[in-house]
2 protein chains.
Amino acid sequence: MRPSNKLGRPAAFDKDAALDVAMRLFWERGYEGTSMADLSHAMGIHPSSIYAAFGDKQALFALAAKRYLEVPGQYMVRALAEPTFETFVQAAFYNTVEFLGGKEYPASCFTLTGSLSCGVDTEPAKALMLDIRLRNEAVLKGRLLKARRAGEFSKEENIDDYTRYLSSLLSGLAVQAANGSTRAQLKRTAELALRHLGIRVRSEV
Amino acid sequence: MRPSNKLGRPAAFDKDAALDVAMRLFWERGYEGTSMADLSHAMGIHPSSIYAAFGDKQALFALAAKRYLEVPGQYMVRALAEPTFETFVQAAFYNTVEFLGGKEYPASCFTLTGSLSCGVDTEPAKALMLDIRLRNEAVLKGRLLKARRAGEFSKEENIDDYTRYLSSLLSGLAVQAANGSTRAQLKRTAELALRHLGIRVRSEV
DNA sequence: ATCATTCCGTAATGATCATTCTCGAATAAA
DNA sequence: TTTATTCGAGAATGATCATTACGGAATGAT
């Protein structure tokens, strides 16, 4: 039952690759829209092996969400590392556009498509997605506090309100992407948001 | 099979009231998260009567979506009737805040929670929600075109971009509501959006 | 070569899914 | 009252759901 022992028959599949497939499927179809049979087929692993390697469906979903944050979700972490407030907000929007408009991953945000609503017996999945969204907002707020300490952000502005406003704008882009907006359209929408935020767009830099 | 005949045994339930219950359940749990058994229990009608009165699950979902547009969804229609561009945008945001922050209905948008992602065999539900979102955007664009003709909207501004930007902002508020924002928080976020749009907030009027 | 250990594949589990069949009950027209 | 018609309730349908039991296959250690 416990893994990573060197005894016994070795696994015939790459665990990370399989988890990557599961992540994409959950991302595309959501928790409820993805059956274990779908996962088994897409991952190329029989159900019993999935359960042995990852636990039940909810555990697999949690691992997929973790991998989402560690790999494709890093676009926001990269933006957070920008030295100034202005370049951070710029990067947050441009990275989001690349993330949503790119063709490597499904065209929306895992934390929304994964489970925005669900039946009563699958609420843990919805709660996990909500938790991640709120955690991301908290991180965003931390970056704004840092900007305030650096004197890059007006003391008149309410940090919590501004946090929710930025979060709202970025979520809005994710819905736009789900609506079928192209990368070019997302970019234009993001740049309109940046202009209204009083932040330079890259073509003007 | 065809309804509204005066012959035979009369129905023991109010069709509109039952549809209202179904709408709320789909709104709260989404298409896939709502089972026919759930609906039967909440509507107080046995499954066979649901099928006789509304058709299959997909047909019932479509009727629930229609009712959503006709009753709670009217908040946007009311905003569209505002005479000027500025009062329209104001009303669009304030009405959305009331709609999302009110306690009469689930705290998000039917077109998102109904089905943002789903399994392959329930894609009609997702397509219907997408269709409504795009239709709403088209209506929004129509209002902006009217504003341009009235000279209330700069010729420099791209209508399509501005439409997607407003749509994005309003979708963002719906996600905020799903995140648990209170009505007061939604209002502050909306007013921040209005200020950045260069539109007066009501407390300043 | 034997053994403990781990994994893979098959097939089953009971539950729940949407949907429909059947039949008695209730009503309007005759 | 008879008859045609519609409805309600319950049970049954086959499919799919997540999950697991079982037995053979493949490995490392002895």
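Every chain is numbered from 1, with letters handed out A, B, ... down the list of sequences.
Across all strands, A/A53 comes closer than 4.0 Å to no nucleic acid atom at all (heavy-atom distances).
By the side chain to side chain contact (heavy atoms under 4.5 Å, CB included) test, A/S117 pairs with B/T113, sequence neighbours left out. A/H46 is linked by a ring-ring contact (aromatic ring centres under 6.0 Å, His included) to nothing, counting only residues two or more places apart in sequence or in another chain. B/E70 is linked by a side-chain hydrogen bond (donor to acceptor under 3.5 Å, both in side chains) to B/K66, counting only residues two or more places apart in sequence or in another chain.
Of the possible donor and acceptor atoms, one in the side chain of A/Q185 sits under 3.5 Å from a partner among the backbone N and O of A/T182.
A cation-pi arrangement is absent between A/K57 and A/Y51, since the terminal nitrogen or guanidinium carbon is not both under 6.0 Å from the aromatic centre and inside a 45° cone about the axis.
Taking the centre of each ring, A/F26 and A/Y68 stay at or above the 6.0 Å mark. Taking the six-membered ring for Trp and the full ring otherwise, B/W27 and B/F99 have centroids separated by under 6.0 Å.
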Set out, line by line, the N/O atom pairs under 3.5 Å between protein and nucleotides 25-30 of chain D.
residue: D/dA25; atom: N3; partner: A/R9; partner atom: NH1; Å: 3.4

Dump every N/O contact between nucleotides 12-19 of chain C and the protein below 3.5 Å, one line per pair.
residue: C/dA18; atom: OP1; partner: B/M36; partner atom: N; Å: 3.3
residue: C/dA18; atom: OP1; partner: B/K57; partner atom: NZ; Å: 2.9
residue: C/dA18; atom: OP2; partner: B/M36; partner atom: N; Å: 2.8
residue: C/dT19; atom: OP2; partner: B/Y51; partner atom: OH; Å: 2.6
residue: C/dT19; atom: OP2; partner: B/K57; partner atom: N; Å: 2.9
residue: C/dT19; atom: O5'; partner: B/Y51; partner atom: OH; Å: 2.9

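Side-chain atoms of B/S171 and B/S168 form no donor-acceptor pair, as typed in the model, at a separation below 3.5 Å. At a cut-off of 3.5 Å, with distance as the only test, no side-chain donor of A/E137 or A/T163 sits close to an acceptor on the other residue. In the model, A/Q176 has a side-chain atom that pairs as donor or acceptor with a side-chain atom of B/S167 under 3.5 Å.
For the atom pair CD1 (B/I50) and OG (B/S40), the distance works out to 5.0 Å, reported to the nearest 0.5 Å.
On a pure distance criterion of 3.5 Å, no polar donor-acceptor pair joins the side chain of B/S48 and the base of D/dG8.
The nearest whole Å value for the distance from the CD1 atom in B/I45 to the C1' atom in D/dC7 is 12 Å. Straight-line distance from the CZ atom of A/F54 to the P atom of C/dC7: 11 Å, rounded to whole Å. In this structure, B/H46 atom NE2 and C/dT22 atom C1' are separated by 15 Å, rounded to whole Å. Rounded to whole angstrom, the span from the CE atom of A/M43 across to the P atom of D/dA18 amounts to 13 Å. Between B/I50 atom CD1 and C/dC21 atom C1' there is a gap of 17 Å when expressed in whole angstrom units.
If you check D/dT30 for Watson-Crick or wobble pairing at under 3.5 angstrom, you find it paired to C/dA1.
Listed in residue order, the members of residues 111-119 of chain A having a heavy atom less than 4.0 Å from DNA chain D come to none.
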